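Quantities reported herein were computed from a predicted structural model and do not represent experimental measurements. So you know, we letter chains A, B, ... as the sequences are listed, proteins then strands, and number each from 1.
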There are 2 protein chains.
Amino acid sequence: MSKLLELEDVTDPVCCAPLSGPALSEQEAAELAGVFKALSDPVRLRLLNMIASAEEGEACVCDLTGAFELTAPTISHHLKVLRQAGLIDGERRGTWVYYRVVPERLTRLSGLFALPALTTS
Amino acid sequence: MSKLLELEDVTDPVCCAPLSGPALSEQEAAELAGVFKALSDPVRLRLLNMIASAEEGEACVCDLTGAFELTAPTISHHLKVLRQAGLIDGERRGTWVYYRVVPERLTRLSGLFALPALTTS
């Protein structure tokens with residue numbers, strides 16, 4: 001768990017304006033809506049979870065496919081949706097494609113939902 | 001902008017296990033997928049943005065409706081979806097309903113996307 005102790009700085013207003021901050025433009029809202037559509041599927045969330053938590057930061061499609069009772073083409077489709085949303089990236093090496101998360105994208109989302117700490121004074 | 005200087009602690013592993021952490025259960029993945037489905041609409045994202053950034057932490061439905069070229073029933077529908085996803089809560093006072101974000105839910109999402117800080121040593 002030690003790798004969870006330090007989290008990336010999500011307070012940078014340029015990369016990560018929060019929902020509690022400036023108004024989203026229509027374009028930003030449309031782009032983010034597309035990302036959330038990609039995340040609105042339980043299998044895709046579990047794939048993203050497996051990729052984000054993989055040893056060495058990357059997961060072989062061969063391991064991802066074996067973890068679900070779904071066909072390889074179905075898993076490939078879900079991975080393509082995650083990739084098109086900019087959440088993951090893939091690299092072919094030999095027989096297999098290896099996936100890793102796009103950290104900038106996840107950090108952007110983390111910052112989006114960050115709330116100002118409440119002061120009760 | 002001063003209220004953005006301090007962000008809530010999202011390192012609590014109970015409230016906010018990150019995607020880079022333990023495996024999501026099927027139930028957690030299904031629940032989160034439903035939340036992201038609620039977020040996969042640009043108008044709902046902009047409504048949530050307006051509520052999260054409202055003065056005093058709450059927004060009157062009268063102000064929200066006026067900000068869009070949409071009918072009041074359409075805005076009501078979108079607010080209902082956000083409410084059913086646990087992202088906002090509403091309270092009727094007199095003629096109007098006042099909405100505020102559910103901070104625990106947003107903090108959960110912020111923590112979900114938090115990444116361990118990279119050490120390049």
Side-chain angles (χ1 to χ4, degrees), chain A residues 1-11 13 17-46 48-54 57 67 87 101 103-119, chain B residues 1-11 13 17-46 48-54 57 67 87 101 103-119:
Chain A
M1 293 294 283
S2 63
K3 71 173 181 174
L4 298 182
L5 291 180
E6 278 189 284
L7 296 174
E8 283 197 355
D9 179 14
V10 294
T11 60
L19 282 170
S20 59
L24 289 172
S25 69
E26 286 191 34
Q27 187 184 334
E28 286 171 311
E31 187 195 333
L32 284 167
V35 175
F36 291 126
K37 190 166 183 190
L39 291 166
S40 66
D41 180 281
V43 171
R44 289 200 287 273
L45 282 175
R46 290 172 63 204
L48 188 60
N49 180 207
M50 290 175 72
I51 295 165
S53 62
L87 291 159
V101 297
E104 296 79 8
R105 187 66 117 177
L106 268 63
T107 301
R108 168 73 186 97
L109 295 178
S110 184
L112 188 73
F113 295 109
L115 287 174
L118 298 176
T119 52
Chain B
M1 292 294 285
S2 64
K3 71 175 183 174
L4 298 181
L5 291 179
E6 280 189 282
L7 296 175
E8 283 195 356
D9 179 13
V10 294
T11 59
L19 282 170
S20 58
L24 287 172
S25 69
E26 288 192 33
Q27 186 183 334
E28 286 171 312
E31 188 195 334
L32 285 168
V35 175
F36 291 126
K37 189 165 185 191
L39 291 167
S40 67
D41 180 280
V43 172
R44 288 200 288 272
L45 281 175
R46 291 173 63 204
L48 187 61
N49 180 208
M50 291 176 71
I51 296 166
S53 62
L87 291 159
V101 297
E104 297 80 9
R105 187 65 116 176
L106 268 63
T107 300
R108 168 73 186 97
L109 295 178
S110 184
L112 187 73
F113 295 109
L115 288 173
L118 298 176
T119 51

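Residues passing the side-chain hydrogen bond (donor to acceptor under 3.5 Å, both in side chains) test with R44(B) are H78(B), sequence neighbours excluded.
For the residue pair L45(A) and L19(B), the shortest heavy atom distance occurs at O-CD2, 4.2 Å. Of all heavy-atom pairs between S20(B) and S53(A), the closest is O-CB, 3.4 Å. Taking each heavy atom of A23(B) and N49(A) in turn, the nearest pair found is CA-OD1, 3.2 Å. Heavy-atom minimum distance, P42(A) versus A29(B): O-CB, 3.8 Å.
L39(B) CG to F36(A) CZ: the interatomic distance, rounded to the nearest 0.5 Å, is 5.0 Å. Residue R105(B) holds its CZ atom at 10.5 Å from CZ of F113(A), rounded to the nearest 0.5 Å.
Residue with the most contacts toward chain A among V101(B), L106(B), I51(B): L106(B) (heavy-atom pairs, distance under 4.5 Å).
One N or O on the side chain of S110(A) and one on the backbone of S110(B) form a donor-acceptor pair closer than 3.5 Å.
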